[in-house]
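Data first, discussion second: the structure below is written as structure tokens.
Remember, it's a predicted structure, so these values are computed and weren't measured experimentally.
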Amino acid sequence: MPYPVASPEHIAAFAEHGYLVVRQALPAEELDRIEAHCDLLLADKERLANDWAWDRGESKEQRSFRIVQSSPTLVWPDIAAQPYRAWLASFASALMSREMAFWYDQFLGKPPGKSAPTYWHQDEGYWGGNLFDRGITGWIPLQDVDTVNGCMHFIDGGHRDGVLTHRLVEGVQSDLLVCEVDEGRAVACPMARGDVAFHHSKTPHMSNANTGPAWRKAVTNHLQAAGTGGSGDHYPWRVKVNQATGERTVPGGSHDPGMMGGMGGPQR
């Protein structure tokens, strides 16, 4: 049934594992609307998106867009009024046992055959100490996903391991980060279209490269505890990259809104 209410079992499983897959949470017609707007981003990716795995050997004009990173908010004026947004906030609030407010979203598209992994990382590694135990993400695949085309993988119970040391991924000139994890605790999460995966901001996660025949499209929705004020108190490994200019900056300790980038695309 679409838009389920979080049950005690959901809440307990999330508290234990740090992630939760909610089966058939969104109706097909809502997913169709989301996908139609994301397709607009793909059609104009050079202007509306970043290449999150921008190869160090490529110029801006040569970017291969192995991970297309943008936001449906850029092309959907009334996105905040969509039913899935309200459901995400309600369900996330129940899982986190506090009021959670929508923060920002990202479209992450992986082309068939020439994409890159999204390496192991924690969202708090990007967001900084201001989001310490104050963030949650709802990941919405726009097609069935598995280990062939790039499903999510989580470290079971990894939200209890603290913030891990991250580093920039070698060979790329984006802000892509990676951390070392205990892969013996890794769980792959194949999902059907309509499922939604929630994970705590400390839960290490990754998705593999897309080796399937079609685009892997997903929208990741980031929520923060009400009143948090965005990211800040950043860790020393954090940089931000403006892909329009190539400028690399180290964020200071002040809070920022979580949305930036040379072409309007979000960076996390």
Establish, from distance only, whether the side-chain atoms of [X] and [Y] form a donor-acceptor pair under 3.5 Å.
| X | Y | result |
| --- | --- | --- |
| Asn130 | Ser231 | no |
| His10 | Ser7 | yes |
| His205 | His153 | no |
| Glu124 | Ser201 | yes |
| Asp51 | Gln243 | no |
| Tyr104 | Gln224 | no |

* Other residues, nucleotides, ligands: >12 heavy atoms within 6.0 Å of Glu180 CD -> no
* To do: Count the heavy atoms belonging to other residues, nucleotides or ligands that lie under 6.0 Å from CD of Glu170, then report whether that count exceeds 12.
  => no
* Structure fact -> Connected to Met206, directly or through other members, by ILVMFWY side-chain contacts below 4.5 Å are Trp120, Ile155, Leu164, Val181
With sequence neighbours excluded, tell me which residues meet side chain to side chain donor-acceptor pair (under 3.5 Å) with [X].
| X | result |
| --- | --- |
| Tyr235 | none |
| Arg134 | Thr228 |
| His37 | none |

Quick one, [X] and [Y] - any side-chain contact, counting heavy atoms below 4.5 Å?
| X | Y | result |
| --- | --- | --- |
| Ile136 | His200 | no |
| Leu31 | Ile140 | yes |
| Tyr84 | Asn221 | yes |

Check whether [X] reaches the backbone of [Y] with its side chain - one donor and one acceptor, N or O, closer than 3.5 Å.
| X | Y | value |
| --- | --- | --- |
| Thr220 | Gln106 | no |
| Asp195 | Ala192 | yes |
| Asp146 | Asn149 | yes |
| Asn50 | Trp52 | no |

* Going through the checks in order, is the ring pair (Phe, Tyr, Trp, His ring centres under 6.0 Å) test met by Trp127 and His222? -> CA-CA 11 Å; Trp127 295 338; His222 307 298; 5.2 Å; yes
* Tell me, which pairs form a salt bridge (Lys or Arg N to Asp or Glu O under 4.0 Å) where one or both residues lie in residues 74-92, sequence neighbours left out? -> Arg85-Asp105
* Of all residues at least two apart in sequence or in a different chain, which pass the ring-ring contact (aromatic ring centres under 6.0 Å, His included) check with Phe198? -> Trp87, Phe91
* **Ring centroid separation Tyr126 to His121 under 6.0 Å** => yes
* Structure fact -> Ser90 meets the side chain to side chain contact (heavy atoms under 4.5 Å, CB included) criterion, sequence neighbours left out, with none
* Residues that Glu247 engages under side chain to side chain contact (heavy atoms under 4.5 Å, CB included), provided they are two or more places apart -> Asn242, Thr245, Thr249
* **Single hit among Thr118, Leu108, Thr147 for side-chain contact (heavy atoms from CB on, under 4.5 Å) with Ser207** => Thr118
* Structure fact -> Per side-chain contact (heavy atoms from CB on, under 4.5 Å), Phe65 is matched among Lys45, Glu58, Lys110 by Lys45
Residues in salt bridge (Lys or Arg N to Asp or Glu O under 4.0 Å) contact with [X], at least two apart in sequence or another chain:
| X | value |
| --- | --- |
| Arg248 | none |
| Asp133 | Lys202 |
| Asp161 | Arg185 |
| Arg56 | none |

* Start with the C-alpha distance between His199 and Phe154, add both sets of side-chain angles, then the distance that settles ring pair (Phe, Tyr, Trp, His ring centres under 6.0 Å), and finish with yes or no. => CA-CA 8 Å; His199 63 266; Phe154 300 103; 5.6 Å; yes
* Can you check salt bridge (Lys or Arg N to Asp or Glu O under 4.0 Å) on Asp55 and Arg63, steps first, answer last? -> CA-CA 7 Å; Asp55 190 276; Arg63 288 174 300 170; over 6 Å; no
* Asked: Any idea which heavy atoms bring Leu223 and Met100 closest together, and the distance?
  -> O-CE, 3.8 Å
